[in-house]
Protein chains: 2
Amino acid sequence: MADAKNATRKGSATLSLPLNKIVQGDCIDVMNSLPEKSVDVIFADPPYNMQLKETLSRPDNSKVDGVHDAWDKFSSFNAYDEFTYRWLDAARRVLKDTGTIWVIGSYHNIFRVGTALQNLEYWVLNDVIWRKSNPMPNFRGTRFTNAHETLIWAAKSADKGGYTFNYDAMKAMNDDTQMRSDWTLPICSGGERLKNGDKKAHATQKPESLLYRVLMSSTKPGDVVLDPFFGTGTTGAVAKKLGRDFIGIEREDEYIKVAMERISNVKRLDDETLGFTQSKRAQPRVPFGSIVERGMIEPGTTLYDCKRKYTARVRTDGTLITDMEKGSIHKVGASVQGAPACNGWTFWHVEQKGELLPIDFFRQQVRAEMN
Amino acid sequence: MADAKNATRKGSATLSLPLNKIVQGDCIDVMNSLPEKSVDVIFADPPYNMQLKETLSRPDNSKVDGVHDAWDKFSSFNAYDEFTYRWLDAARRVLKDTGTIWVIGSYHNIFRVGTALQNLEYWVLNDVIWRKSNPMPNFRGTRFTNAHETLIWAAKSADKGGYTFNYDAMKAMNDDTQMRSDWTLPICSGGERLKNGDKKAHATQKPESLLYRVLMSSTKPGDVVLDPFFGTGTTGAVAKKLGRDFIGIEREDEYIKVAMERISNVKRLDDETLGFTQSKRAQPRVPFGSIVERGMIEPGTTLYDCKRKYTARVRTDGTLITDMEKGSIHKVGASVQGAPACNGWTFWHVEQKGELLPIDFFRQQVRAEMN
DNA sequence: AACTTGGTTGAATCAGCAA
DNA sequence: TTTGCTGATTCAACCAAGT
């Protein structure tokens with residue numbers, strides 16, 4: 001599919017998706033060489049040092065006067081912004097319309113990133129706080145201990161829905177309450193920390209637990225995950241383990257070498273393990289009429305709400321009727337309560353042996369047969 | 001002092017600081033009418049530009065009372081940015097060179113605010129996360145529960161130090177470990193929430209506990225705290241309680257009325273209570289030698305730990321000596337215990353009338369004399 | 001008096017699909 | 001592009017009333 005799409009793009013490199021590979025090069029160039037709308041999720045951990053000014057040409061009036069400090073600062077923010085807009089723009093092109101992007105940063109850069117995302121018409125879904133359970137202490141006692149980093153999760157645009165959020169899986173992972181926007185996870189240390197000899201292979205290696213939660217929440221098995229600042233490949237390692245395809249982009253030989261070695265040692269989990277709590281929304285639609293049609297509920301049956309306050313009778317076509325109203329299980333359920341909306345499946349019950357059984361029970365039976 | 005400064009500024013309104021008052025008007029106009037470099041700390045809770053679309057209902061079909069006030073409506077990000085740059089610029093003028101600013105926001109606006117702060121040459125000290133212990137859930141299961149807000153704490157510029165950070169008070173408040181950049185506090189509800197009849201007086205009232213920590217960490221008693229979006233006056237109420245002076249700026253009659261009533265019911269804490277929480281760092285250093293020098297403790301005196309397990313004798317130069325060791329009160333205290341470190345001021349005691357008195361008592365006496 | 005139950009509420013960018 | 005239907009979806013606190 002990606003190849004077919006790619007072949008139709010004129011004037012661009014005809015490159016099929018380099019799945020589960022690390023592409024060496026500048027991330028903007030490489031992303032521009034990939035087919036558009038081909039990636040499900042992007043995870044990006046961009047550099048946030050502000051020392052980019054050396055690599056960028058200064059304006060002509062480079063006479064540095066008394067306010068040189070401020071000028072330098074401003075110019076470096078400008079340079080950083082330009083870089084940020086360029087890679088975020090390239091990222092947006094390769095993202096599917098239903099895709100989302102994650103960017104991680106600290107207060108040095110995350111405000112610039114967030115502003116750029118919004119200006120490029122990405123639609124912020126959440127800002128997520130990674131609370132480090134074991135942050136580096138502040139040695140000078142002049143500020144609060146910097147104990148968190150910020151991730152921004154954004155969709156391609158406000159009007160393009162359909163993004164993946166595995167709500168039920170997240171809720172299950174969090175002891176059955178909704179996953180919040182703050183995640184408490186340890187930093188990457190110990191055996192997980194990749195070394196070259198006795199010095200760390202990468203200054204800002206992220207913990208796999210962080211990527212685990214990112215990918216579990218916003219991707220499905222088989223999705224394509226792109227990381228434009230691949231580093232030592234945490235994104236790739238976790239994607240492989242979770243049965244997602246990855247594309248890594250990285251400039252430095254040394255990081256690529258370490259990442260390839262690392263990922264080759266990762267095993268993909270088996271399909272059964274990869275199964276996760278599915279959203280109810282993803283299940284097939286079963287009309288109430290088919291429950292009646294199959295004779296699971298006879299026409300003429302009286303339905304009750306859970307407190308037997310309201311009743312309605314089932315008609316042959318799967319609609320309900322009361323003294324006042326007739327229509328779908330949802331419409332009549334809303335109407336009798338005077339509510340704006342109602343889920344008829346959980347609202348209405350049938351009486352069996354004196355007990356009330358929600359009509360959703362029959363839908364579940366039908367769905368079970370369908371598998 | 002404020003008057004004197006103000007009188008020397010030519011061409012500006014000669015307005016003395018309206019301490020502990022609420023000034024009605026547009027915050028930019030009012031700030032521009034105040035003398036420059038006159039305020040120690042600014043706390044600002046600007047509109048978030050939430051861009052809410054339709055009404056949201058809970059699973060039980062009740063309606064969420066969202067923020068639909070006119071003051072939160074902006075036509076575009078551009079309009080919001082212009083507003084932000086203008087008020088942050090006016091704020092910077094009234095801030096002392098040693099002053100700091102706090103701004104609170106959510107992902108809707110905080111990236112714009114952070115970018116503006118950096119572009120205006122404020123210097124970010126921390127971003128602080130307010131983790132809500134009881135946030136509103138996400139009712140549709142479409143995102144992570146929005147369980148935090150972000151505060152940015154910034155100095156006037158990178159090269160203007162001397163700002164207040166009460167490191168020790170923060171550490172003491174946090175069970176003697178450094179205060180982190182994430183603060184877990186409940187939202188404002190229950191009896192604290194101000195009401196007009198049975199509806200809330202302000203859509204976005206902040207909890208006093210949040211302002212307590214802000215003011216405790218970054219101001220001293222007697223400091224001037226400005227809040228350009230005063231609302232129902234949480235900043236003023238906490239400032240008054242903590243013995244700080246406040247200046248409130250607010251446009252709406254109704255909010256001002258509620259705030260004035262509220263603040264009039266607040267009592268200032270007594271000096272002793274306020275003093276207890278002062279930073280040790282802000283207090284002048286007193287060498288143990290000067291205690292000996294002054295004759296408050298005679299050379300040759302025996303010091304004890306609080307359980308009389310260890311002893312040491314005072315030498316003329318203010319060092320201690322045991323059988324094994326000699327050195328500072330801290331070094332010898334650590335050594336006798338076999339501990340890596342020790343605060344000699346609280347570890348060592350002198351005997352007076354059979355009772356043990358910590359030597360820190362004498363340091364406090366010296367400090368009291370110095371004020 | 002202590003405990004249980006039920007109702008209310010909070011800075012919210014809160015659906016997806018087919019006709 | 002818009003409309004309309006199906007049907008999925010909540011946590012911690014506080015408070016009032018009942019047991």
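Atom set for the values below is all heavy atoms of this structure, side chains included, hydrogens, waters and symmetry mates excluded. Below, read A as the first sequence line, B as the second, and so on, with proteins coming before strands; counting in each chain starts at 1.
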Listed in order of residue number, which residues of residues 43-55 of chain B have a non-hydrogen atom at under 4.0 Å from DNA chain C? B:D45, B:P46, B:P47, B:Y48, B:M50, B:Q51, B:L52, B:E54, B:T55
Heavy-atom closest contact (A:L215 atom, A:R244 atom, distance): O-NH2, 3.7 Å
Any residue in residues 134-150 of chain B with a heavy atom nearer than 4.0 angstrom to DNA chain D? Just list them by number, or reply none. B:N134, B:P135, B:P137, B:N138, B:F139, B:R140
Pairing residues for B:D182 by the side-chain hydrogen bond (donor to acceptor under 3.5 Å, both in side chains) criterion, not counting sequence neighbours: A:R131, B:R180
Among D:dT6, C:dA11, D:dC11, find the nucleotide with the atom closest to the side chain of B:W71. C:dA11
Mind listing the residues from residues 336-347 of chain A sitting with a heavy atom below 4.0 Å of DNA chain D? Number order is fine. A:A341, A:C342, A:N343, A:W345
Any side-chain N or O of B:R131 less than 4.0 Å from the OP1 or OP2 oxygen of D:dA12? no
Does a nitrogen or oxygen in the side chain of A:Y122 sit under 4.0 Å from OP1 or OP2 of C:dT13? no
Give me the distances for all protein-to-nucleotides 2-9 of chain C N/O pairs that come in under 3.5 Å?
none

Taking only residues two or more places apart in sequence, or in another chain, which ones meet B:R143 in a side-chain hydrogen bond (donor to acceptor under 3.5 Å, both in side chains)? B:Y107
Any side-chain N or O of A:K280 less than 4.0 Å from the OP1 or OP2 oxygen of D:dT9? yes
Just N and O in the side chain of A:R180: are any of them under 4.0 Å from OP1 or OP2 of D:dA12? no
Can you list everything that forms a side-chain hydrogen bond (donor to acceptor under 3.5 Å, both in side chains) with B:E252? Sequence neighbours excluded, please. none
So what does A:S279 touch, heavy atoms closer than 4.0 Å: a base, only the sugar-phosphate, or nothing? nothing
Residues at least two apart in sequence or cross-chain that pass side-chain contact (heavy atoms from CB on, under 4.5 Å) with A:P284, listed by chain then number, are A:R367, A:M370
Interface residues of residues 316-334 of chain A with DNA chain D (non-hydrogen, below 4.0 angstrom): A:S328, A:H330
Using a distance-only criterion (donor-acceptor N/O pair, under 3.5 Å, no hydrogens), is the base of C:dA11 paired with the side chain of B:K206? yes
Bracket notation of DNA chain C in which parentheses pair within the strand, [ ] cross earlier pairs, and | pairs with another strand (Watson-Crick or G-U, under 3.5 Å): .|||||||||....|||||
What are the atom names and distances for every N/O pair under 3.5 Å that joins the protein to nucleotides 14-19 of chain D?
{"residue": "D:dC15", "atom": "OP1", "partner": "B:G191", "partner atom": "N", "Å": "3.4"}

Residues at least two apart in sequence or cross-chain that pass side-chain contact (heavy atoms from CB on, under 4.5 Å) with A:D40, listed by chain then number, are A:K96, A:D223, A:V224
